[in-house]
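See below for the structure under consideration.
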There are 2 protein chains.
Amino acid sequence: MNHNIYEIETTGTLMKQGYVSLKESQSVEQAISHLRNQVQGKKNIHYVYIVNTSKQLTGVLSIRELLEAPNMSKLSNVMKRDLIYFPSDLDQEEAAKIFRDKDLVSIPVVNSDKELLGIVHVEDIIDVIHQEADEDIGMITASGKEIDFNTSPIIAAGKRLPWLILLLFIGLISGGIIERFEETLEKVVALAFFMPMIAGMTGNTGTQSLAVIVRGLVSEKLNLKKATKLLWRELLVGVIIGLTCAVIIAIVAYVWRGSSMLGFVVGISLLATLIIGTLAGTVIPLILYKCKADPAVASGPLITTINDILSLLIYFGIATMFISKIV
Amino acid sequence: MNHNIYEIETTGTLMKQGYVSLKESQSVEQAISHLRNQVQGKKNIHYVYIVNTSKQLTGVLSIRELLEAPNMSKLSNVMKRDLIYFPSDLDQEEAAKIFRDKDLVSIPVVNSDKELLGIVHVEDIIDVIHQEADEDIGMITASGKEIDFNTSPIIAAGKRLPWLILLLFIGLISGGIIERFEETLEKVVALAFFMPMIAGMTGNTGTQSLAVIVRGLVSEKLNLKKATKLLWRELLVGVIIGLTCAVIIAIVAYVWRGSSMLGFVVGISLLATLIIGTLAGTVIPLILYKCKADPAVASGPLITTINDILSLLIYFGIATMFISKIV
């Protein structure tokens with residue numbers, strides 16, 4: 001019923017009516033008696049909210065705490081005053097973070113005058129958390145939102161196709177790069193053997209970095225300091241991963257093709273592409289986050305495709321530099 | 001404190017003490033008075049649980065419902081008897097599904113004699129849902145569990161490396177395939193131009209199917225009928241996506257290289273690989289689910305790498321069949 005007034009995916013649309021509010025001046029006994037008459041048919045009542053004479057929210061008591069309190073006490077003397085409340089325009093994901101931190105089953109929503117508007121229940125937050133995880137996964141895999149087991153094939157294909165067609169054309173750039181290095185490739189066809197592995201590995205490391213960032217943003221806000229630290233971390237991860245994989249592949253390439261120079265080219269290329277792949281998987285989503293752009297643009301397949309292109313450029317670039325020594 | 005007795009990630013380890021249990025024979029007035037004395041210091045009390053003389057759980061009342069009930073009624077006459085309870089060995093993810101469906105803030109755990117053992121709170125379920133989503137994403141991207149913004153580079157690299165090294169060696173299979181088709185490739189170097197695009201697109205469609213299945217399993221159980229329906233759906237999706245992309249790429253290949261036969265080979269290959277890629281992304285996680293194997297084995301990068309290999313086999317296989325007509 002709030003859908004007309006409040007932005008979607010905010011506390012305003014998430015909140016429910018059907019709360020119990022009491023006055024500061026009431027006694028515990030009056031409150032309990034009032035509650036026994038007022039709660040008929042209302043579901044999910046676990047707290048009572050207490051307002052002052054200006055109707056501003058000033059305190060809260062769980063029904064349990066209300067029962068615990070001495071009969072004759074005024075609510076203003078027993079209520080908890082340091083209560084948590086939401087504005088009506090808070091993003092539902094931010095609300096979910098606060099629910100997680102605070103272990104509450106409901107949190108009130110107030111307007112700018114601190115008047116009570118409604119209550120957000122933890123049951124609805126559970127749905128928000130699910131929805132958010134689905135969105136993250138839809139984004140990492142570019143599989144489209146809201147596809148479940150019952151979606152029709154045409155709708156499911158329709159949601160995935162726009163992305164795939166875009167990726168198809170971006171993927172053709174890699175074809176153009178290989179064409180540019182056609183001469184190199186014709187001289188050393190063995191370079192083609194390592195092409196899918198280098199492109200694949202670069203894509204994998206990029207997706208891994210992306211996943212860490214997307215999930216990290218669920219629980220933490222990023223500031224410049226954290227982002228810088230994260231970039232350094234992923235750079236170091238890229239170097240460690242790159243060095244390890246480069247040494248392995250250089251040995252394999254040497255043993256397989258009997259050319260130490262081919263081993264060197266493949267190894268150096270993999271080192272460079274894995275570092276760059278890791279950084280691309282970190283930097284692209286961070287920039288989008290910073291620009292408040294729709295982060296769905298930073299999908300895993302997009303990063304994979306960009307990394308494909310970067311890896312081919314690096315691989316054939318290095319190979320062309322050393323071509324005279326490989327042949 | 002339950003960690004020694006119960007399996008990890010079950011309702012037994014998730015449940016908390018600190019519930020209120022009352023006897024069927026008590027009156028509402030007695031219950032409220034009892035509650036006011038008993039609840040001191042207990043947190044998260046939103047329901048009272050009612051047991052019979054054999055200490056078996058027989059009913060439940062929210063504190064709100066207790067307050068609503070007439071003072072003199074016996075609890076056995078006002079309590080809700082169709083209550084939801086968990087065994088102590090239920091997987092925490094199953095418990096989370098039931099919380100989602102039932103909109104409750106706590107659910108009791110009982111032993112085989114239906115005696116009350118503890119209470120699972122929705123706050124802990126929220127953490128379970130987050131953990132579950134993180135595991136799903138870790139699985140889809142093979143990025144390893146429990147990497148956050150503060151994980152050290154060495155630990156983060158260490159968690160990703162085993163997967164990457166495995167994928168590196170699997171990726172070398174694709175090198176072996178290209179080597180087998182070296183002759184074909186030497187005759188038509190232009191085949192290499194479309195290699196990364198075909199492998200990439202096949203990987204993308206596989207990851208999309210995987211994501212749908214992994215997330216679907218969060219909310220639904222799969223039976224044979226559903227799995228069959230899902231397989232048909234993804235097959236149809238593969239055909240629709242494959243036909244669309246195949247027509248586009250055939251035109252592009254023809255325009256770019258001026259060879260209608262190259263366009264035909266690339267288009268037919270893409271059609272075949274996208275159908276197979278979609279099916280691999282569906283069948284592999286379904287089989288692992290059926291075998292109750294650790295589904296982390298069906299990670300996105302693994303499916304991508306397998307799809308790389310399949311797509312190269314199909315592409316070069318088809319190209320070799322038509323080689324005399326392309327040149």
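Naming: A, B, ... by sequence-line order, numbering from 1 per chain. Predicted model only: the values in this text are computed from it and were never measured.
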Verdict with reasoning, A/His46 to B/Arg64, per side-chain contact (heavy atoms from CB on, under 4.5 Å): CA-CA 7 Å; A/His46 302 295; B/Arg64 176 191 65 82; over 6 Å; no
So A/Leu67 and B/Leu67, side-chain contact (heavy atoms from CB on, under 4.5 Å) or not? Walk me through it. CA-CA 10 Å; A/Leu67 286 176; B/Leu67 286 176; 3.9 Å; yes
Would you sort out whether A/Ile63 and B/Ser62 count as a side-chain contact (heavy atoms from CB on, under 4.5 Å), showing the intermediate values? CA-CA 10 Å; A/Ile63 294 188; B/Ser62 72; over 6 Å; no
In sequence, state the C-alpha distance, the side-chain angles, and the governing distance for B/Ile248 and A/Phe169, and then conclude on side-chain contact (heavy atoms from CB on, under 4.5 Å). CA-CA 9 Å; B/Ile248 296 175; A/Phe169 280 101; 3.5 Å; yes
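Under the 4.5 Å side-chain criterion, counting only non-hydrogen atoms from C-beta, B/Glu123 is not in contact with A/Val122. A heavy-atom distance below 4.5 Å is found between the side chains of A/Thr305 and B/Asn204.
Ranked by heavy-atom pairs under 4.5 Å with chain A, the list B/Ile178, B/Thr278, B/Ile165 is led by B/Ile178. Ranked by heavy-atom pairs under 4.5 Å with chain B, the first of A/Pro196, A/Gly158, A/Ala190 is A/Pro196. Considering only heavy-atom pairs separated by less than 4.5 Å from chain B, the leading option among A/Gly175, A/Gly171, A/Ser152 is A/Gly175. Counting heavy-atom pairs closer than 4.5 Å to chain B, the top residue among A/Ile129, A/Asp308, A/Ile173, A/Thr244 is A/Ile129.
Both the backbone and the side chain of B/Ala192 come within less than 4.5 Å of a heavy atom of chain A. Of the two parts of A/Leu235, neither the backbone nor the side chain holds a non-hydrogen atom closer than 4.5 Å to a non-hydrogen atom of chain B. With a 4.5 angstrom heavy-atom cutoff, A/Asn71 touches chain B via backbone and side-chain atoms both. Interface residue A/Leu312: only side-chain heavy atoms are found under 4.5 Å from chain B. Using a 4.5 Å cut-off between heavy atoms, B/Leu270 touches chain A through its side chain atoms alone. When heavy atoms are compared at a cutoff of 4.5 Å, B/Ala69 approaches chain A solely by way of its backbone atoms N, CA, C and O. Using a 4.5 Å cut-off between heavy atoms, B/Arg257 contacts chain A through its side chain alone, with no backbone atom that close. Residue B/Ile177 does not touch chain A at all, counting heavy-atom pairs closer than 4.5 Å. When heavy atoms are compared at a cutoff of 4.5 Å, B/Ile125 approaches chain A solely by way of its side chain, counted from C-beta outward. Interface remark: B/Trp256 contributes side-chain atoms only to the contact with chain A (heavy atom separation under 4.5 Å). Only the side chain of B/Val252 has a heavy atom closer than 4.5 Å to any heavy atom of chain A. For a residue to count as touching a neighbouring chain, one of its non-hydrogen atoms must lie under 4.5 Å from one of that chain's; by this rule A/Val266 does not touch chain B. Contact annotation for B/Lys229: only side-chain heavy atoms (C-beta onward) come within less than 4.5 Å of a heavy atom of chain A. If you measure heavy-atom distances from B/Leu185 to chain A, the contacts under 4.5 Å come from the side chain alone.
Atom CD1 of residue A/Ile249 and atom CG of residue B/Leu168 lie 4.5 Å apart, to the nearest 0.5 angstrom. Considering CZ of A/Arg180 and CZ of B/Phe193, their distance stands at 13.0 Å, rounded to 0.5 Å. Taking NE2 of B/His130 as the start and CD of A/Glu132 as the end, the distance is 5.5 Å to the nearest 0.5 Å. How far CE of B/Met197 is from CG of A/Leu172: 5.5 Å, rounded to the nearest 0.5 Å. Residue A/Ile241 holds its CD1 atom at 5.0 Å from CG of B/Leu164, rounded to the nearest 0.5 Å.
For B/Glu182, there are no side-chain hydrogen bond (donor to acceptor under 3.5 Å, both in side chains) partners two or more places apart in sequence or in a different chain.
Taking every heavy atom of both residues into account, A/Leu161 and B/Cys245 meet most closely at CD2-SG, 4.2 Å.
The neighbour count for B/Leu231 CG, taken as heavy atoms of other residues, nucleotides or ligands under 6.0 Å away, is above 12.
With respect to A/Arg160 and B/Glu234, a salt bridge is recorded, a charged nitrogen being found less than 4.0 Å from a carboxylate O.
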